[in-house]
Amino acid sequence: MTLLPLPAFNDNYLWMLHDGQRALVVDPGDERVVFEAIQRLGVKLDAILVTHHHADHTGGVAALRDATGAQVFGPKHETMPEPLTRLGEGDVISPLGLSLQVFEVPGHTAGHIAYFGQTDGQAPLLFCGDTLFSAGCGRLFEGSPAQMLSSLSRLAALPDDTRVCCAHEYTASGLVFARMLEPDNPALIKRQAEVAALRRQHQPSLPSTIGLEKATNPFLRTHLPEMVSVVRRFDPAALDPVGVFAALRTWKNQF
Ligand SMILES: [Zn+2]
Ligand SMILES: [Zn+2]
């Protein structure tokens, strides 16, 4: 199976997975990018997976479905381009013969879902939309800090080698904020140098891995005493884990 981030708009990636004959795409906000890819690769689009309702993730769904007959999957509790197969917690789907589990990960939107699964002989895959970014997380447009913290904790518990397929290239700016919080974290220093080199060559910084995110992403590190004390410099009233997470998210919004 080949995994490809297809760049779209300013900083979106539409993730494509294909076996040389059949393909799936995740969150196709722009159908043109996907049409170009399936033509270039000579593959048939079998499935469209959607994580949440924002237009930059759904804008191309109807055109792609109508032109290719691909089956569309999306969250149970959000407004979606109909018709589609609606999914919720615990559902398992099998596009391209894979087995993908569905997690409900509210926070960025109220009904956001993520897809996790294994491909033969390869590291696991996570399509997490706008929930987890490399060195960051999605803004809380509809959900609460408690929901987002619980969603991210769930993703952090996945195997360390899981390939994390985020929907936006926000890594470099996330790392600037992360370095301000933890200037001496060696994993962060190394990641920042690697991402700078990739971006200079216009290469994606993704996929990341769960192991790398646990070592470098401040939003997966709010349980650590060092991070708690840094966040309390910004908001002394941040006491419990949810309070610390909420303060960190507010700080990032103002950064
Ligand atoms: Zn979004
Ligand atoms: Zn987005």
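Each ligand, and each atom within it, is numbered from 1 in the order the structure gives. Quick caveat, the model's predicted, so the values are computed rather than measured.
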Quiz item: Should the pair Glu169-Arg199 be classified as a salt bridge under the 4.0 Å nitrogen-to-oxygen rule?
Solution: yes
Quiz item: Leaving waters out, which protein N, O or S atoms fall under 2.8 Å from the Zn ion (ligand 1)?
Solution: His52 NE2, His54 ND1, His108 NE2, Asp130 OD2
Quiz prompt | All side-chain contact (heavy atoms from CB on, under 4.5 Å) counterparts of Met180, not counting sequence neighbours | solution = Phe177, Trp251, Phe255
Quiz item: Going by atom types only, do Asp56 and His168 share a side-chain donor-acceptor pair under 3.5 Å?
Solution: yes
Quiz item: Hey, are Glu31 and Arg65 close enough for a salt bridge, meaning a charged N less than 4.0 Å from a carboxylate O?
Solution: no
Quiz prompt | Separation of Leu17 CG from Asp19 CG (nearest 0.5 Å) | solution = 8.5 Å
Practice problem: Using a strict cut-off of less than 4.0 Å between a Lys/Arg side-chain nitrogen and an Asp/Glu carboxylate oxygen, indicate whether Arg32 and Glu36 qualify as a salt bridge. | Solution: no
